[in-house]
Amino acid sequence: MIKMQNVRKTYPGFDFELSLEIPEGRITGLIGKNGAGKSTAIRLMLGLVKAESGTIELFGKPITEITMQDRQKIGVSLAESGFNGQFTIAEVKKILAKMYPEFDETWFMRECRELRLPEGKQLKEFSNGMKAKLRVLTALSHKAQLLILDEPTAGLDVEARNEILDLLRDYAAEDENRTILITSHIASDLEHLCDDIYLIHGGKQLLHEETDVILEQYGLIKADEAQYAALDKEYLLGSRKEPYGYACLTNDRKYYEENVPGLVVERAGIDEVILMMTGGKRK
């Protein structure tokens, strides 16, 4: 559905180079800290910026050959996108109906009511959460086969984030061939949504893994100085100095649980993976 091969884009002080492949019917998360290159990847995929080298394909075609009919099958939500602030929901509905032959007015209006979007207010009066929900709804409203969502839950409270994530789960469940790429720096939003995760940092891929594998097999080791010195480091992906010794990320938690008695080994969530692999510090 999406394929990027050795795609490169440079900016002053930033060198982006990435390869990724997202098959049909998958929900894939592109995660990393702010400034990691997530939005750059999205803009390259959509042809909003031009790559300096490499190839990008959507629906098995180079992006230069994507037709208007192909674009009708894509739903997009970008953080800075939106409709004129003078518009109301009714006016947004009219525009979407003109833009997309497959626009589902009944579904759109029902979801607007379910998400408590006020039909009588102008969009400029909407809260940030309301605007975010509307951006996602417009991306879904024409039954797109490919959704590309850039930070759809950024800056929202827990309730609004959960409503958007539930909406995406329901949408994917309706058709197993639908494909979603979602970027986020909020790892917990993606743990129970995405089939697999790409972690990028400084414009480069650090990790690509099945989400279930991360949650089931990855671990955080807490070792004192002596334990760390004696530790078999074959399955370590990174380490961080701590007051007690070292925190270490492993992709084989069971190996250390079964072979190193007395070692503290905890499950590692995606947040810990990001911190350990990007050199971050716990807050």
Side-chain angles (χ1 to χ4, degrees), residues 1-7 16 18-32 36-47 54-63 66 69-79 102 135-154 161-162 164-201 204-218 251 269-271 273-274 277:
M1 186 65 78
I2 303 175
K3 186 174 183 180
M4 301 177 71
Q5 187 68 34
N6 300 321
V7 174
F16 176 96
L18 185 66
S19 296
L20 61 77
E21 189 166 351
I22 302 172
E24 183 179 68
R26 301 280 285 180
I27 303 178
T28 295
L30 186 61
I31 66 173
K38 303 184 298 295
S39 294
T40 297
I42 294 293
R43 282 156 178 73
L44 286 163
M45 290 173 195
L46 296 173
T55 60
I56 304 173
E57 296 180 0
L58 298 180
F59 306 113
K61 302 177 183 179
I63 58 170
I66 295 297
Q69 187 174 7
D70 293 324
R71 292 191 179 278
Q72 293 283 343
K73 296 185 289 185
I74 304 173
V76 178
S77 173
L78 303 179
E102 299 298 320
R135 283 195 295 269
V136 173
L137 285 182
T138 59
L140 304 180
S141 64
H142 58 287
K143 304 303 180 186
Q145 286 300 108
L146 171 61
L147 294 178
I148 299 178
L149 311 173
D150 190 16
E151 298 277 7
T153 60
R161 281 161 47 199
N162 285 337
I164 288 175
L165 295 172
D166 286 342
L167 191 64
L168 296 177
R169 290 187 189 95
D170 292 343
Y171 194 77
E174 288 177 6
D175 185 342
E176 64 182 13
N177 294 320
R178 287 175 176 161
T179 305
I180 300 176
L181 173 65
I182 178 171
T183 75
S184 182
H185 63 278
I186 307 172
S188 58
D189 283 355
L190 305 185
E191 284 191 355
H192 303 293
L193 174 69
C194 295
D195 298 304
D196 63 320
I197 296 288
Y198 281 89
L199 169 62
I200 65 174
H201 182 66
K204 306 292 189 295
Q205 176 187 318
L206 295 186
L207 176 76
H208 176 220
E209 190 66 271
E210 299 282 323
T211 310
D212 287 346
V213 170
I214 294 175
L215 298 178
E216 294 171 8
Q217 298 182 19
Y218 281 50
N251 59 359
I270 296 175
D271 278 320
V273 172
I274 294 175
M277 296 198 71

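Because only heavy atoms are used, hydrogens play no part in the values below, and waters and symmetry mates are left out as well, while side chains stay in.
We find the CG-CD1 distance between D70 and I63 to be 12.5 Å, quoted to the nearest 0.5 Å. Rounding to the nearest 0.5 Å places CG of N177 at 12.5 Å from CG of L146. Note that the CG atom of L44 and the CD1 atom of I56 stand 5.0 Å from one another [nearest 0.5 Å]. Here the CD-NZ distance, from E151 to K38, works out to 4.5 Å after rounding to the nearest 0.5 Å. Annotation: the span from S77 atom OG to L137 atom CG amounts to 9.5 Å, rounded to 0.5 Å.
Remark: side-chain polar atoms of T211 are paired, donor with acceptor, to backbone N or O of C194 under 3.5 angstrom. In this structure, D195 contributes its side chain and I27 its backbone to a donor-acceptor pair below 3.5 Å. Without hydrogens or angle criteria, T179 side chain to G25 main chain gives a donor-acceptor distance under 3.5 Å. A distance-only check finds a donor-acceptor pair linking the side chain of S19 to the backbone of N6 [under 3.5 Å]. The main-chain N or O of L140 is found under 3.5 Å from a side-chain atom of Y171 such that the two form a donor-acceptor pair.
Under the 4.5 Å side-chain criterion, counting only non-hydrogen atoms from C-beta, I31 is in contact with L199. At a threshold of 4.5 Å between non-hydrogen side-chain atoms, the residues R178 and K143 count as touching. In this structure the side chain of R26 never reaches within 4.5 angstrom of the side chain of M1, judged on heavy atoms. With contacts defined as side-chain heavy-atom distances shorter than 4.5 Å, the pair Q145/D175 qualifies. By the 4.5 Å heavy-atom criterion applied to side chains, R161 and S184 are not counted as neighbours.
Between the side chains of T153 and D189, at least one donor N or O lies within less than 3.5 Å of an accepting N or O.
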Handout entry: Stepwise side chain to side chain contact (heavy atoms under 4.5 Å, CB included) test for M45 and M4
Key = CA-CA 8 Å; M45 290 173 195; M4 301 177 71; 3.5 Å; yes
Exercise for the section: Could you walk me through whether L215 and E191 pass side chain to side chain contact (heavy atoms under 4.5 Å, CB included), step by step? Expected result: CA-CA 8 Å; L215 298 178; E191 284 191 355; 3.9 Å; yes
Exercise for the section: Evaluate the criterion side chain to side chain contact (heavy atoms under 4.5 Å, CB included) for residue pair T40 and L18; output intermediate values, then yes/no. Expected result: CA-CA 10 Å; T40 297; L18 185 66; over 6 Å; no
Exercise for the section: Go through the steps for Q5 and E57 under the test side chain to side chain contact (heavy atoms under 4.5 Å, CB included), then give the verdict. Expected result: CA-CA 9 Å; Q5 187 68 34; E57 296 180 0; over 6 Å; no
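Applying side-chain contact (heavy atoms from CB on, under 4.5 Å) to L147 and the options I180, I74, V76 leaves one that passes, I180. With T183 as the fixed residue, the side-chain contact (heavy atoms from CB on, under 4.5 Å) test singles out one of I42, I148, L190, L149: I42. No option in L207, D196, N251 other than L207 meets the side-chain contact (heavy atoms from CB on, under 4.5 Å) test with I214.
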